[in-house]
Amino acid sequence: MTKTKGEDFQHSINKDDNYIENHLARKKFSRKLLFWYAENRRNLPWRHTKDPYKIWLSEIILQQTRVAQGIPYYQRFIRQFPTVFSLAKASEQDVLRLWQGLGYYTRARNLHHCALEVVENFHGKFPDNFKDLKKLRGIGSYTAAAIASISFHQPVVVVDGNVFRVLARIFGITKDISELKTKDYFFALGNELISKEHPDEFNQAIMEFGATHCLPKIPLCGECIFNKDCIANTHDLQTVLPVKKKKQKVTKRYFYYVIIRKGKKVAMRKRNEKDIWHGLFDFYLAETTKPSNLQKLREENKILKNVQSDALSKTYKHQLSHQQLLAKFITVDLSTLPAEMLKVGFKFYSISEIKKLPKPVLILRYLKDEGILE
DNA sequence: AAGCCGGGGAA
DNA sequence: TTCCCAGGCTT
């Protein structure tokens, strides 16, 4: 079959704002989801209680943490701190020690701080609604919704990684989930869909569905109750949805160029093919991952070690898709370098020869600034 | 809006 | 290796 990707699909969504209602009524979605959950729910320690303290504890532990990894921590915390009072009474050191190995340690400090807040400001009773829960330290929109729905039966949807994935796929939402406002969109959509009768079950069901069935890489579409209702499945968009911009980090590279002159000629080298600018010519180069200075460079680089001048040029910047290049130049005369440096085998070019060599724009800009090239 | 926090499992 | 996990806080 021909895959309907990107543009065609985007168009079909944009031209119809009622897309969701047309394809899967909210009641139907909720009903099918709860049905699936009844048959597939895992038996997890925090599923046997509605105690807001225990629900809260489990949710903090499970932030950015897999269920299997969190279970033993949950059990140890419950055993050692059965109530919010006992947790509040503990020292931060004790809490951190019990948390060790779990990562994201501000969670542990916030956990302790929050326990103190609940004891001192609320007589040990957690607030019973989304808005007030969210005010507590370490409780964001996700955790507030989880506690509000599970412990207090409030119809507020949880929006976590699972919910993004499940809703984006089933309803064909192509918004970029890395954008902050997109979370508001899913929050609104989820609150339209959530079962008013069983908000707790709905929230746990949709997360369970995402965690065990609608998997990130290989969703089990073949045996899925939403088979015909799911846009991702019917349009073969499982790998596209949810849309998340790469966020590929831009790496910075600092180039310290040494322009070695011999009379009217200048040394240039052809660049390695495994890097940018392969096959192009630039100058002798000392590269670092952090900004440096001549002092430090002299200690690390055999050429620069003997450089007398301390006049680095201004910084030349060049932005590529995934890396930012920052270059400085320094000119030295070959005669000032020690004899051993001659063995490096620089090749010298006259100005007219240099004009003919293929050069990176970074080099070009510098040469023009210096009036070497017109 | 972006950076930061973290250990671990899966592909 | 890379991705992502039942996110939230700070700047």
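Throughout, a chain's letter reflects where its sequence line sits, starting with A, and its residues are numbered from 1.
- Residue contacts for A:Ser58: at a heavy-atom cut-off of 4.0 Å it reaches no nucleic acid atom on any strand shown.
- Nearest nucleotide to the A:Leu44 side chain, out of B:dA1, C:dA6, B:dG8: C:dA6.
- Spacing between C:dT10 and B:dG7 at atom C1', rounded to whole Å, works out to 22 Å.
- Atom CZ in A:Arg109 sits about 11 Å away from atom P in B:dC5, given to the nearest Å.
- Considering only side-chain atoms of A:Asn110, the nucleotide from C:dA6, C:dC9, C:dC4 that sits closest is C:dC9.
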Can you list the steps and then say if A:Asp200 with A:Lys50 is a salt bridge (Lys or Arg N to Asp or Glu O under 4.0 Å)?
-> CA-CA 10 Å; A:Asp200 50 343; A:Lys50 297 232 170 223; 2.4 Å; yes

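- Separation of the P atoms belonging to B:dG6 and C:dT11 is 15 Å when rounded to the nearest angstrom.
- When the P atom of B:dG8 is taken as reference, atom CD of A:Gln100 falls 12 Å away, rounded to whole Å.
- The side chain of A:Gln64 contributes an N or O atom lying less than 4.0 Å from OP1 or OP2 of C:dG7.
- No engagement by A:Arg41 is indicated, since no non-hydrogen atom pair under 4.0 Å with the nucleic acid exists.
- Comparing C:dG7, C:dA6, B:dG6 by their nearest atom to the side chain of A:Gln63 picks out C:dG7.
- With respect to the salt-bridge test (charged N to carboxylate O, under 4.0 angstrom), the residues A:Lys347 and A:Glu353 do not qualify.
- Closest approach of A:Ile60 and A:Arg107 over heavy atoms only: O-NH1, 3.1 Å.
- In this structure, A:Ile61 places its CD1 atom 22 Å from P of B:dC5, rounding to the nearest Å.
- Atom NZ of A:Lys244 and atom C1' of C:dT2 are 13 Å apart (whole Å).
- Along DNA chain C, the nucleotide nearest to A:Gly140 and the one nearest to A:Arg66 differ in position, and the one closer to the 5' end is contacted by A:Arg66.
- Nearest heavy-atom pair, A:Ala108 versus A:Leu96, reported as atom, atom and distance to 0.1 Å: CB-CD2, 3.7 Å.
- Listed nucleotides: C:dG7, B:dG9, C:dC3. Nearest to the side chain of A:Lys217: C:dC3.
- Distances from the side chain of A:Trp46 to the nucleotides C:dA6, B:dG6, C:dG8 place C:dA6 closest.
- With rounding to whole Å, A:Phe186 atom CZ is found 16 Å from C:dA6 atom C1'.
- Summarising the geometry, the separation between NZ on A:Lys181 and C1' on B:dA2 is reported as 16 Å, rounded to the nearest angstrom.
- Contact of the A:Tyr104 side chain with the A:Thr65 side chain is not registered, since no non-hydrogen atoms from C-beta on lie closer than 4.5 Å.
- In terms of position along DNA chain B, the nucleotide closest to A:Gln69 lies nearer the 5' end than the nucleotide closest to the other residue of the pair A:Ile218 and A:Gln69.
- Distance A:Phe187 CZ to C:dG7 P: 15 Å, rounded to the nearest Å.
- Summarising the geometry, the separation between CG on A:Leu62 and P on B:dG7 is reported as 18 Å, rounded to the nearest angstrom.
- Both A:Leu180 and A:Gly101 sit near DNA chain B, but only A:Leu180 has its closest nucleotide nearer the 5' end.
- With C:dG8, B:dG6, C:dA6 as the candidates, the nucleotide lying closest to the side chain of A:Arg107 is B:dG6.
- Dashed line: the shortest gap from a side-chain N or O of A:Thr65 to OP1 or OP2 of B:dG6 is not under 4.0 Å.
- C:dA6 and B:dC4 have their P atoms separated by 24 Å, given to the nearest Å.
- Residue-level contact check: A:Val158 touches neither bases nor backbone, having no heavy atom under 4.0 Å from any strand.
- Atom NE2 of A:His123 has 12 or fewer neighbouring heavy atoms from other residues, nucleotides or ligands inside a 6.0 Å radius.
- Comparing the same atom, C1', in B:dA1 and in C:dC5 gives a spacing of 23 Å after rounding to whole Å.
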